[in-house]
Amino acid sequence: QKEVEQNSGPLSVPEGAIASLNCTYSDRGSQSFFWYRQYSGKSPELIMSIYSNGDKEDGRFTAQLNKASQYVSLLIRDSQPSDSATYLCAVASGDSWGKLQFGAGTQVVVTP
Amino acid sequence: SAVISQKPSRDICQRGTSLTIQCQVDSQVTMMFWYRQQPGQSLTLIATANQGSEATYESGFVIDKFPISRPNLTFSTLTVSNMSPEDSSIYLCSVEASDRSSYNEQFFGPGTRLTVL
């Protein structure tokens with residue numbers, strides 16, 4: 001059973017601080033890693049993709065991947081109240097024909 | 001990314017009935033996926049729908065309960081059959097990005113919120 005694990009939260013973050021979200025996965029054959037943001041009542045929105053070890057930055061978001069440790073993280077710098085949402089980690093294996101396995105999601109609450 | 005629409009956006013249905021959900025994409029895509037998101041839960045893949053072939057169902061989902069059509073590269077339907085209150089969920093379709101640099105990226109439609117009484 002391939003698993004993707006996330007802390008459910010809520011993760012409370014002061015406005016302007018850094019939010020750090022973690023995700024671990026069980027399938028060593030995983031090759032593609034994604035972070036989605038989901039606002040309440042809305043569908044998931046892709047915010048980051050990462051495929052190789054190291055960091056990938058896009059605006060205030062940084063994704064970090066460590067395949068040896070089977071670990072992927074998301075940092076949100078200068079957190080804003082609009083960042084309050086549930087963040088879903090998703091993983092695709094090399095043999096999955098594009099299928100994504102989702103974690104349970106981490107709820108982030110940014111407090112003014 | 002592709003623009004994806006779903007119909008209906010929400011519905012309230014009686015147990016024992018069936019509902020067909022439509023997913024329309026503004027460009028041709030090879031891979032389409034159907035997910036379920038139960039209240040307070042994450043996304044669970046129901047099936048993969050490729051044009052010209054039978055849908056591939058995940059463990060726990062069967063064609064008799066969730067028949068899927070994929071008549072062309074821009075459209076798919078998911079039917080929830082013989083519904084029970086346990087089928088109350090948000091149903092989402094997604095498509096895989098066609099850009100080779102966006103490997104495995106998926107984009108989601110707005111979802112269909114289904115309540116079964």
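Chain letters run A, B, ... following the sequence lines, proteins first and then strands; every chain starts at 1. Note that the structure is a prediction, hence the values are computed from the model and not measured.
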Side-chain donor-acceptor pairs under 3.5 Å in residues 52-59 of chain A, sequence neighbours left out?
{"unit_1": "A/Asn53", "atom_1": "OD1", "unit_2": "A/Lys67", "atom_2": "N", "d": "2.7"}
{"unit_1": "A/Lys56", "atom_1": "NZ", "unit_2": "A/Ser49", "atom_2": "O", "d": "2.7"}
{"unit_1": "A/Glu57", "atom_1": "OE2", "unit_2": "A/Arg77", "atom_2": "NH2", "d": "3.4"}

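- Applying a 4.5 Å heavy-atom cutoff, the residues of residues 103-112 of chain A that approach chain B are A/Gly103, A/Ala104.
- The aromatic rings of B/Phe108 and A/Tyr36 stand perpendicular to each other, their planes meeting at an angle above 60°, with 30° marking the opposite boundary.
- Checking side-chain atoms of B/Gln38 against main-chain N and O of B/Arg36 turns up no donor-acceptor pair under 3.5 Å.
- For B/Leu45, the part lying under 4.5 angstrom from a heavy atom of chain A is the side chain only.
- Most heavy-atom pairs under 4.5 Å with chain B, from the set A/Thr86, A/Leu88, A/Leu46: that is A/Leu46.
- Remark: A/Arg37 engages A/Glu45 in a salt bridge (charged side-chain N to carboxylate O under 4.0 Å, His left out) (not counting sequence neighbours).
- Contacts of A/Gln38 with chain B are made by side-chain atoms alone, with heavy-atom separations under 4.5 Å and no backbone atom involved.
- Note on ring orientation: taking the six-membered ring where Trp is involved, the planes of A/Phe33 and A/Tyr25 are tilted (angle from 30° to 60°).
- Checked against ring-ring contact (aromatic ring centres under 6.0 Å, His included), B/Phe61 has the following partners two or more places apart in sequence or in another chain: B/Phe66.
- Side-chain atoms of B/Gln24 come within 3.5 Å of backbone N or O of B/Thr74 as a donor-acceptor pair.
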